[in-house]
Amino acid sequence: MIDIRLVRDDPAAVRAALGRRGVDGAEIDRLVGLDDAARAEIGRRDDLRAQVNALSRQVGEARRDGETQRAEALAAESRAVGESEGQAAEAADAASEALRQALLYLPNLPSPDAPDGGGPEDNVVARSWPAELPAYTDAQRVPHWEVGTELGILDMERGAKLSGSMFPLYRGMGARLLRALTSFALDHHADAFEEIRPPTMVRTETMVSTGHLPKFVDEAYHLERDDLWAIPTAEVPLTSMLRGDILAEADLPLRFTAATPCFRREAGAAGRDTRGLLRVHEFDKVELFAYATADQAPALLEEMVGRAERLLTELGLAYRVLDLCAGDLGLSAARTFDLEVYAPGVDQWLEVSSVSWCTDYQARRANIRYRPDGGGSPVFVHTLNGSALAWARIWAALIETGRQDDGSVELPPVLHPYLGGPTRIDAR
RNA sequence: GGAGGGAUGGCAGAGCGGACGAAUGCACGGCUCUUGAAAAGCCGCGAGACCUUGGUCUCCGUGGGUUCGAAUCCCACUCCCUCCGCCA
């Protein structure tokens, strides 16, 4: 969440910044009102509480001095004040909760560097690799689900039998390819990022810290009986890993990488991209994550985008980098770069990575701070997250891009050491 | 799943109805001593909110309760440790 004091002290600036992402200015006014109300109620309650505390102290003193009668009188007085205090406390709690709820739904302030725009159509293509799309053969113009079925490496029907549509089942070299991709990526980041294998079912609090709850309840899988949520991305457990902690500035930046399955209900996208692997409920992803100071964050953002890009060039996939406009940013993000690969078989750009700088928005929700060098009060860290990379769509792009005239699929050399012998998937 | 023990500041650890936001040690910051360092000594040092050179309030796992007053008593929950059972 953003700092309520910013809203209080400079509502015009907040209105302007959030206006860029389509937040109604009236919402800011409402927030200012809620804040005023909450502070007034809290002040009332605290005054009464101070009276109760003072009277209680006097009761103790009177009792110690053996003045039983005076003690009783003071206790009675305190009891009376305590009753109004109870009412004031209820009002204060209600007002604070109303403010908190409003803040939880309010998105992060976009970075001034994020381009203007209201939606996906306004995103800016920062760069493409290669500069021009190469010429693709007819063999490469076959959708991956057809290739997958033909080679016996992808079985959407059996996946659906087990779990419903959009739950892919990979077999043979198809499954092996996923495992290779995960190992390849983790090894690639091992020079600077500590590998984590977090739990993939988490508490409500953990989902709230990243901003995935309460606003996006419909997007997440929930296990009712145990009140646990299936993570939509490793960003969720990695953010809460240090929840409530105070770090040392000298330890920053902290970098982590994790390979996990990701679960998404895709409720808002029902009926879209339903074929093959374009949009699935469960997929594997290697995530990059960093906790940093405000000063370190911009360089880290670039580093993480660079790492994701490097994987793509090594895999030999054509891609482009999108600088997301203010209106297309996710709730927690101040700046985001999306990476899209070109999949020749379906003739589409597929989002395979999203690298975001969340400033202190998530850290404030998760209460993660660091103590500056030389002491002083703790300050909120900045969090950055990015996929490097999400495999289902990469799998699709690799199968389509690598397809030969004879129907076999060539796999990129960087993966060969991870494939256990074969370097291609033979036609059947 | 059953039985028992525990959760206190960055860490360790005392406190078990009022003088406790909390002893002590370590860590950390400043100073003294020293050519420098170490050691020693002195001082400081939890977090947050709201009004303001000071004050008020909150926080001792979480949520309720008892009381004029709760870190301290009661209830529930969560997590950790030990033992038993089950288990990949």
Side-chain angles (χ1 to χ4, degrees), chain A residues 1-9 31-104 197-209 223-229 237 240-252 254 291 293 360 363-381:
Chain A
M1 60 188 107
I2 69 171
D3 189 348
I4 184 60
R5 276 171 296 195
L6 198 60
V7 179
R8 188 185 303 155
D9 297 341
L31 223 55
V32 172
L34 287 171
D35 177 48
D36 283 345
R39 277 186 302 152
E41 297 291 355
I42 289 168
R44 232 189 309 282
R45 180 201 62 192
D46 285 357
D47 286 346
L48 289 166
R49 229 173 236 183
Q51 288 181 45
V52 171
N53 289 344
L55 286 165
S56 296
R57 261 191 298 274
Q58 291 174 40
V59 172
E61 285 161 14
R63 184 147 293 161
R64 228 182 348 272
D65 298 344
E67 302 180 45
T68 317
Q69 236 178 355
R70 195 163 74 88
E72 283 310 317
L74 285 163
E77 191 182 343
S78 178
R79 214 174 357 246
V81 179
E83 254 165 63
S84 355
E85 189 272 342
Q87 288 165 17
E90 275 180 39
D93 287 350
S96 305
E97 183 55 24
L99 174 64
R100 196 183 105 84
Q101 281 303 320
L103 273 176
L104 282 178
R197 174 48 243 239
T200 53
M201 292 202 289
V202 299
R203 299 171 182 286
T204 300
E205 208 182 340
T206 303
M207 291 283 278
V208 171
S209 293
L223 279 77
E224 188 99 31
R225 183 184 172 116
D226 298 289
D227 195 19
L228 287 170
W229 303 81
S240 284
M241 203 165 79
L242 299 183
R243 187 168 63 214
D245 284 4
I246 298 177
L247 314 169
E249 180 172 0
D251 292 337
L252 298 175
L254 285 168
Y291 299 89
T293 66
D360 58 1
R364 190 168 278 111
R365 283 171 169 246
N367 193 26
I368 306 168
R369 295 166 294 171
Y370 69 90
R371 197 176 296 282
D373 287 338
S377 295
V379 304
F380 288 110
V381 300

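What you are looking at is a predicted structure, and each value in this text was computed from that prediction instead of being measured.
Both A54(A) and L74(A) lie close to RNA chain B; mapped to their nearest nucleotides by heavy-atom distance, the more 5′-ward contact belongs to A54(A). Nearest-nucleotide positions on RNA chain B for Q51(A) and A75(A) put Q51(A) closer to the 5' end.
OP1 or OP2 of A47(B) sits under 4.0 Å from a side-chain N or O of R371(A). The shortest distance between the side-chain N/O atoms of R79(A) and the OP1/OP2 oxygens of C68(B) is below 4.0 Å. Contact between the side-chain N/O atoms of R49(A) and the OP1/OP2 oxygens of G69(B) is not found at any separation under 4.0 Å. Of the side-chain N and O atoms in R5(A), one or more sit less than 4.0 angstrom from OP1 or OP2 of A49(B).
Across all strands shown, N53(A) has heavy atoms under 4.0 Å from sugar-phosphate atoms exclusively, and none from any base. Among the heavy atoms of the strands lying under 4.0 Å from R64(A) is at least one base atom, whether or not backbone atoms are also near. The residue R70(A) sits apart from the nucleic acid: no heavy atom pair falls under 4.0 Å. At a threshold of 4.0 angstrom between heavy atoms, the contacts of R203(A) are confined to the sugar-phosphate backbone, with no base atom among them. Backbone-only contact: S78(A) has heavy atoms under 4.0 Å from sugar-phosphate atoms and none from a base. Looking at heavy-atom distances under 4.0 Å, R369(A) makes contact with sugar-phosphate atoms alone, never a base.
S240(A) OG to R365(A) CZ: the interatomic distance, rounded to the nearest 0.5 Å, is 11.0 Å. The structure places CZ of R57(A) at 12.5 Å from CG of L74(A), a figure rounded to the nearest 0.5 Å.
R364(A) has a carboxylate O that lies under 4.0 Å from a charged side-chain N of D360(A), or vice versa, which qualifies the two as a salt bridge.
Side-chain N/O atoms of R63(A) and base N/O atoms of G18(B) include a donor-acceptor pair closer than 3.5 Å.
Applying the side chain to side chain donor-acceptor pair (under 3.5 Å) criterion to R63(A), with sequence neighbours excluded, gives E72(A).
Only the P atoms considered, A37(B) is 14 Å distant from G29(B), to the nearest whole Å.
Judged purely by atom type and a 3.5 angstrom limit, R49(A) has no side-chain atom pairing as donor or acceptor with the backbone of E85(A).
Look at G4(B): its Watson-Crick or wobble partner, with both distances under 3.5 angstrom, is C81(B).
Rounded to an integer number of Å, the gap from CG of D227(A) to P of C79(B) is 12 Å.
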